[in-house]
Structures are given as C-alpha cells and as structure tokens.
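Below is one structure, written out as structure tokens, with a few remarks after it.
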Amino acid sequence: MSFSFSLGQVSAIGVGYLLLLFTAAYATERRWLPRKITRHPLVYVLSLGVYASAWAVYGSVGLANQYGYGFLSYYLGVAGAFVLAPVLLVPILRITRTYQLSSLADLFAFRFRSRWIGSLVTVLMLMGALPLLALQIQAVADSIYILTNEASPHTLALGFCMVMTLFAILFGARHTSLREKHESLVVAIAFESVIKLVLMLAIGAYILFEVFGGFQGLDIWLTAHSDQLQALQKPLEAGQWRTMLLLFFAAAVAMPHMFHIIFTENQSTDVLFRSSWAVPLYLLLLSLPVPLILWAGMAEGIPLKAEYTVLGVGAGGAENWIGIFAFIAGLSAASGTIILVTLALAAMTLNHLVLPVYQPGAKFDIYNWLLWFRRLLIGLIILAAYLFYRTLGVKHDLASLGLTSFIGILQFLPGILAVLYWPTANRIGLVAGLCAGIGIWVFGQVVPLLYNLEQVTLPATNLVFHSGGDGWYDVALASIIINIVVFIFTSLFLQPSDEEKAGASSCSVDALSRPHRLQLAARTCEDFIGFLAIPLGKMTAEREVRNALKDLELMPTDGRPYALRRLRDRIQANLSGLMGPAIAQEIVDQHLPYQASANSHNSEDIHFVETRLENYRYQLTGLAKELDSLRRYHRQTLQYLPIGVCSLGNDYEILMWNNTMSELTGIPVDQVVGSRFDSLPEPWKDLLGEFVSSHTPHLFQKVQQDNGKSRWFSLHKAHIEEPLSHMGGSVILLEDHTETQELEEELVHSERLASIGRLAAGVAHEIGNPITGISSLVQNLKYETDNPEVIAETAEQILQLTKRVTRIVHSLVSFAHAGQHTNQAAQEPLLIGHAVDEAINLISLSSKGKDIEFSNLCPDDLYVIGDIQKLIQVFVNLLGNARDASDAGDSVTITATIQDNTARVSVTDCGCGIPEEQLEHIFEPFFTTKDPGEGTGLGLALVYSIIEEHYGHIQISSPADRMQGRGTEVTITLPLYHAEAKSESAWKY
C-alpha cells in the first residue's frame, strides 16, 4: 500500500499540530482566552480524556480484532472508576487536597509514614509506566513510517522523543511546584481531547457513509460477511472479561497521568461528580468508530496490522486525508499522554529518589534548582522510554505493550483501597504485597516481552506463563492474587506503628484527623522564617511563610497557638507539593518542632476537628449525618445563647467564644479562638484570668470599661472532664447584669426613701429630745459663769447630745443614699454584727414599736463578704417586718453561726406569723399583707434579690414556735470571709 505523503509533510503536520496545542496553552497563560471558558467545568472534564492514549486510536482496534467486543473493557473500566467517584475518587481528592499530595507515591508515603515507601512506589511506577510510554512512541513512529515509508521507525521514534521532550518541558515544567494549578496544561489537554474525538468521529462517519454507503449498506455487508465477523462476536471468557475490566479500572486511578489530572489539577468536588457521567459519555463516543474501522479494514482488504488499519482507510482513492486524520488523532493522544506521564513521573522521581539522597543547601535558589532538575528528569524519562522501545525492537503489537503496563499498574490498587478503607494495614504488608505482585509481573510478562520468549516457568513451582495470546490473563490473575494475599496476611500478623495509625486516621473515609493541641517552639511568623531559613534559605523561607499565610488568610502578626499550628500544617502541605511529603515532614518536624512540656495535657484540637467536620459534613450519611446535625444544633445553640460562653482547654487555650461573648467584651471570635487566655486585653485578662485560677465557681464583679462606663457581670465556672478523649477543660459563663443592677439600685433607693418617710416622725422626736436638752443646758450655762467645773461638765453634755444628733442624721443620710450606682467596689469584708447594729439603730428611729426589744446576739468576730449598705437594707426590712408583726413587749432576736463554710444569720420574732398559703408568694414584688399605705410590697423582693446577688440563700419558717403556733424565723446564708485569704478568690460557699 502506498501513500502520497513525504516525511517532511507528515513531520510538518505533526509539529504544526503540537504548536497549535502549545498556542492554546500559551493563550490561556497570557489570559487571551476568557477565564469563564478556561475555567469552565467542561474544560476539566475534557482534560480527563487524556486517559484515551494512542491505545484508543490504534490499540483498541487491535484488541477488537483479538477479543471482539471485549475491546469495550478499555472504556468501561475507567467509566466504572468515575461512576464510583463518591466512594473512590472523592475521598482520595479530599486527602490529596488537604495534604497537598501530588502523586500516588506521595499518597502512600503520607499514609504509611515512610520515605522508603515513596521511593519504592516511584521505582515500581517507573517500571509500570515505561511500556505505556513505549506504546505511545511506537504508535507514532510506526504511523509516520506507514504514511511515508521513509527512514526507519527507530529514527522516527528518536526524532519524536526529542520533539516531545521539548514540548513536555514547555507544557509541564514552567512552574516550580506541582501544587500550582497548570491551567494552561489542562486547556491544552482538553483541546487535544476535542481534536481526538472530532477526528475519530469524522473517520467513523466517513467509513459509515463512504465505505459502506450508510446504515443500510453496513447492514447488508454485515449480513453478507457474517462468517468473517465471527471472531468479533466471540466474547471473552468471564474471568478474562472481569480481569480486563479490573486492569483498566486500576489504570484510571493509579496511572501517574490520570492521578495528576484527576486530583492535582482538579477544580472542585462538584466537577468530579459531573465527570462521573461526562467521562463515560466521552469514552462511549470515542469507542463508536472502533468496530467501523475494523470492518472497513476487512471490507477494503487493507494489508496492515489490525491496529494500524485506520491509516489505510481510503488510501486507495483520493481520500488520503483519512490517514492524516488518523495520524493527527494518534499524535494528539500520544503527545498528551507522554507530556502528563513524564511530568508526573519527573516530580515523583525528584521527590522520592533524588531529594532523599541529596537536598540543595540554603545557599541555593531552591525553586530554580528544583525546576531545572525536574526538566532534566523529564528528558531522562523520555530517553528511558525510548531505550525500552528500542530494546523491544518493534517485535510486539500495541495491545501487548498496553496490557503489560496495565498489569504492572494494577499492583497498586490494593494499596489504594487500603489507604481509604483498611486502617490496620501497615507498610511492611504493602511492601511485601507490592514486591510479590511486581515480581510475578516482571517474570511472567516483562521478561518474555523483552526476550521474546514463548513461555516461562516460575522457579520451584509448576506455574507456567505463556507470552502472547491470553498469557496476560494468567500473569494478571496470579500477580494480583499473590499481592493481595501477602498484603493481607502480613498486615494481620504485624501491628502498625503509632505513626501509621496517625496516617490511617488522616486518610480513612470514616474518620477525621484529630491532631493534638500542642504548643510550638515558634511563637511568631518571624520565628517560622528564622527556623525554616536553616534548611531552605531566608528568601525561600519568607516566600513559603508568606504563601501559607495567604492561603490561610492569616495576618503575620497573629500569634494564636491555633493559628501557628495551622500555619505549620499549611507550610508542611505546601512543601509536600514542592519536595514531597517525606522531605516536607522531615523539614517541619526538625525545624518547626512542638515545644516539649512536662505539663502538656495532650488534648485534641477540637476546633480543628470541628473545622474538618464542617468541610466533610456534605458527605456524611445515615447515623453519622444525624449525629452531625445534632452537633450543629447544639453548636448553634451555644453560639446564639444570650449568655457569654467561653470554653477553655486544660492548657488554657480558648476553644470557644460565642457571639454574646464577643458583644459583651468587644473581642471578635476570629481574634480570640485558638489564643492563650493570658493574651486577652484588659480588663478581661485580669478579670477572667483571676476567676479561672480561683477556686470559686461564681463571682459578681463590676468592670470599668475604656469609655469610663461601669458594667456589672456575673461569672460562673464549671470543669469539664473527659478522660477517654483528653478533652477536659473549663467553661465560663458571663452574664451582663448592668441594667438589672441599675434598676435594682433604683428600687432599693426608692424603698429607702419610703422608709425615711415612715421614719420621719420618729426622727423628729429623736432629734427633738437632744435639741431640747441642749437648749436647757445653754440657758443654765448663762447663770454658771463663775463655776468652771460646771461649765466644763455642761459643755461635755452639749457635745454628747450634739454627737447623738449627728449620728442620727448621718445614719439617716447614709441610709437614704446607699445603693446608688457608684464607681466604688461593692464587695468587701464586713462584720455581720456591725450591719445588724446599724439596722437596729435605724429601726429605732421610727415612732412605731418603741416597746419592741431587739437583741443582737451575733459574734463580734464574724466576717462575711458583701456590700455593707445593701446588707443593712436587708436587715432593716427584716427587722421592720418583725417589728410590725410583734405585739407590745415582744422581742426580736438576731443570731449568727458558722455552718458548712457559710455564715448563717437568723432573725426571729414572736409575732403572729405568716399564713401557709402566703409563704409561696412572700418574695413576689408588690405582694404585701399590710394595709394600703403601710407598705409597697417590694421589701422582701429586694431582700431576696440582694441575697442572691451575694450568692447566698434565704429561707422563711413560720410559725417559728410550733407549740404556740406563733413567730417567724428568717434565715439567710452569706459567703464567709477568711482572714488568711489573699484575694476574693478564697470565698467559700
């Protein structure tokens, strides 16, 4: 068969196509194309078409010729992987995105916490990918040779490899880190997928309508040549069919270029879900021309290998352009695969083979060094693929090369599933299984391929592997079974290390990473730069810290321990994308260590766990979803509770700061959560700090704010103990009582004024007596001018009477003004007996109850904590009620004792008592049993409020004398003051 194309023409077409591809990428990078197009989900979905390599154009036809409709397994296998995206691809995407893992070697090294796992996987991945790269090289070289019949395939292959090395570097090695999205590369691969699909459909349409004359002509030909189609209709055996589906299923996830495009270049989880139906649809359309090409080869008698039949369609007439279409489609598929495979393999090799052996010092420009070394590795990998191709000597068809590569890649599938769903798997089991499976693959598939052997026998066994035909099936089945068995049994008999358990916790689908809340040795961003400058150099360290701060949207001045831990994790993740997870973890652990502390509580970072749950909650189902809804409900309840809530860890790090707490303190949530308690601004640092360190569970405190306004707060504290999860700590409640306090003080003041009115007559009488005495003494003094002793005695009497008047007036004035809102501290140690004496003195000013005896039996050394004026108000009300209920000649007794670390004060009268039905209403405001005008009904309500404010209790017993059925006893308890206490934190309850 002859073609009318020269080598120059085909080469120009090929290079022109590659330049067009590069132009699309360059236009994207220069922003010549609108962002809404380049970032459209369809572009990413189309880029996943890179799975369809030269095998889709050439190898699928050869596979159809050999296995009939079994060629569809190539498309159905990858379609199955995308259909299972929610349980396979999405969990891997979550892990790779969270920890910046850019390859399968990174994933395994991170999960199994071993640098050598990454190195082993990289070596084995290189071995598995070489046949696939050789397939692309052979397909393009053979197609050029068939079209031109000039030069040798080897020479053409060498030229193609040189061109692809240049374009691979231009496409994929323009950025230092693989963590950066290659938007231009994705657009170029998507463009390549469109070209590939359009050309294949055009070839299929030409065959259908030109070769067969439409659907009716095709049906007539198929009927007439049914005997020739028998092979195409022959199905694969059930075992072979399932195994082939498994091969291509594994390739969709484990192949380096597929892993890179699915996870590293991924835009979002939503796009991945769209791919679950879009990618199968794309592959279905791409597979439609394959049987037509095979039938056209039979119909036209094309004298080419089945896999290259498409190049000969229409070659006998004027339609030579069909061969060019097929060549461009094959070149498009091969170039996209080579670019992505070499890009991914170069990064893996650099991170897991080069950097563990040699790391550039701080004096180097690390970014530039990594970039150029990656470019060098791209060239070396393409050279290795060419040498592998030359070693084969064009002795094998494309299907054999493809199946060899896919069987090798299949060995990574058990490890991938273990990463997601087997937390107890360990690194030794993985290595043993991989080595066993790869060993069978090399011995049964690669060696016969290289040395053109018809069969090989496994030493010490009767297991024979045949090359060619169905030999691939025996090798695939034996290798994967031995791999799985060795992996499982080794992992069952060996326990995973603590590091592996931590890795499993991070990667498990059903579990979230729960890091411990530890303190870093670094306390500021400047510390981070200084520590990282040792291995990376100052400029690189500054850039990495700056990038991490930008990713987290943190300020350089943020010194919260939680923020610093997040910064450390982000730097490690970014370095993983730059240098691989093993090297990144080594650098961070060595130069950004956690601070060793003997008092470390090793508590879990609950805020980080909640953040992860928020990001993960859309994937929860069943009971887990219900539990998360319950968690969110309780979380929202705490956030919007009209009381300030602050939760602390055992190390006094703030874990929760609800909205009300922010409003009361003026400190935003994002500035305080994750910070140390002692970093709070004043006055909250002293107020909350002293309260946390004290032994008292309650505190009523006045706070002077910056604007000069005083506010009253009630604080409550409780300890949280959770020994199983080490999540102990404290919770503080903050209530704003300012308005209530001001209103209460106004009511107390009003009640005092009312009491003054009732005391007015008695006050006039009390003052009148000494004034009359003073007047009489002054009149007598005029007649005693000659007796100095009498004058002195009279003057002393006048002085005493004047002091009595002054004391009466002072008591009345103090009582009238007490309780007003002042800036003085209200709580102080006081003698309970002194407060009772003052109350008795005030009660005695009234004209009522002059014949009632008040007996103060309180100890002289009994101190309590409180506001003396408010406590005087309490006793005035209680003594006044006792007086009003007593008859002439009765007595009212006041006693005080110490009981259960509290002061217990009782006021007992011998009056008429309180009816039982009124006892439950006695503390209600405006409830009174007195006649109109005799009382306001606020007295006992205010007494109850004041005692509660002092964290005390009040109780009324009536009748006090059960035998006679008379009397009332009012008992109050107050905080006891201890003389040895240094601060208010020593109150006892």
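Since this is a predicted model, take the numbers as computed values, not measurements.
A cation-pi contact, defined as under 6.0 Å to the ring centre and within 45° of the axis, is absent between Arg375 and Phe373.
Nearest heavy atom pair, residue Arg111 against residue Pro423, reads NH2-O, 3.2 Å. Here the closest non-hydrogen pair linking Leu377 and Ala346 is CD1-O, 3.5 Å. Between Tyr282 and Ser193, the shortest heavy-atom distance links the atoms OH-O, 2.8 Å. For Ala168 against Ile378, the heavy-atom pair with the smallest separation is CB-CG2, 3.7 Å. When all heavy atoms of Thr309 and Ile293 are compared, the pair lying nearest together is CG2-O, 3.5 Å. Here the shortest heavy-atom pairing between Ala54 and Ala333 reads N-CB, 3.6 Å.
Put simply, CD1 on Ile189 and CG on Leu48 are 11.0 Å apart, with the number rounded to the nearest 0.5 Å. Atom CG in Leu284 sits 10.0 Å away from atom OH in Tyr75 (nearest 0.5 Å). With rounding to the nearest 0.5 Å, the separation of CG in Asn426 from OG in Ser114 is 11.0 Å. Between atom CD1 of residue Ile338 and atom SG of residue Cys161 there is a gap of 6.5 Å, rounded to the nearest 0.5 Å.
Aromatic ring orientation, Tyr69 versus Phe71: tilted (interplanar angle from 30° to 60°). Using cut-offs of 30° and 60° on the angle between ring planes, the pair Phe108 and Phe112 is perpendicular.
With sequence neighbours excluded, no residue satisfies side-chain hydrogen bond (donor to acceptor under 3.5 Å, both in side chains) with Ser335. Tyr451 pairs by the side chain to side chain contact (heavy atoms under 4.5 Å, CB included) definition with Val447, Leu453, not counting sequence neighbours.
Side-chain atoms of Ser143 come within 3.5 Å of backbone atoms of Val140 as a donor-acceptor pair (strictly under, hydrogens ignored). Side-chain N or O atoms of Lys196 include one that pairs as donor or acceptor with a backbone N or O of Gly49 at under 3.5 Å. Using a distance-only test at 3.5 Å, with no hydrogens or angles considered, no donor-acceptor pair links the side chain of Thr96 to the main chain of Leu101. Side chain of Ser505 to main chain of Lys501: no donor-acceptor pair is present (N/O by atom type, distance under 3.5 Å, no hydrogens or angles). Distance alone, capped at 3.5 Å, is enough to place a donor-acceptor pair between the Ser479 side chain and the Ala476 backbone. Side-chain N or O atoms of Gln136 include none that pairs as donor or acceptor with a backbone N or O of Ser53 at under 3.5 Å. Under a 3.5 Å cut-off, the side chain of Ser332 and the backbone N or O of Ile328 do not form any donor-acceptor pair. A donor-acceptor pair is defined here as one N or O able to donate and one able to accept, closer than 3.5 Å; no such pair exists between the side chain of Arg390 and the backbone of His154. Remark: side-chain polar atoms of Glu307 are paired, donor with acceptor, to backbone N or O of Leu398 under 3.5 angstrom.
Counting only heavy atoms from C-beta outward, the side chains of Leu420 and Ile95 approach each other to under 4.5 Å. Trp441 places none of its side-chain heavy atoms less than 4.5 Å from the side chain of Leu410. Residues Ser103 and Thr264 have side chains not in contact (no heavy-atom distance under 4.5 Å, counting atoms from C-beta outward). Looking at Phe412 and Val253, their side chains never come closer than 4.5 Å, going by heavy atoms from C-beta outward. With a 4.5 Å cut-off on side-chain heavy atoms, Gln240 and Thr243 do not count as touching. Residues His260 and Met348 have side chains not in contact (no heavy-atom distance under 4.5 Å, counting atoms from C-beta outward). Leu107 places none of its side-chain heavy atoms less than 4.5 Å from the side chain of Phe263. Using a 4.5 Å heavy-atom cutoff, the side chains of Trp422 and Thr424 are in contact.
In this structure, a donor-acceptor pair under 3.5 Å is absent between the side chains of Tyr74 and Ser287.
Within a 6.0 Å sphere centred on CH2 of Trp372, other residues, nucleotides and ligands contribute 12 heavy atoms or fewer.
Considering Phe249, Trp472, Phe248 in turn, Phe248 is the only one that fulfils the ring-ring contact (aromatic ring centres under 6.0 Å, His included) rule with Phe406.
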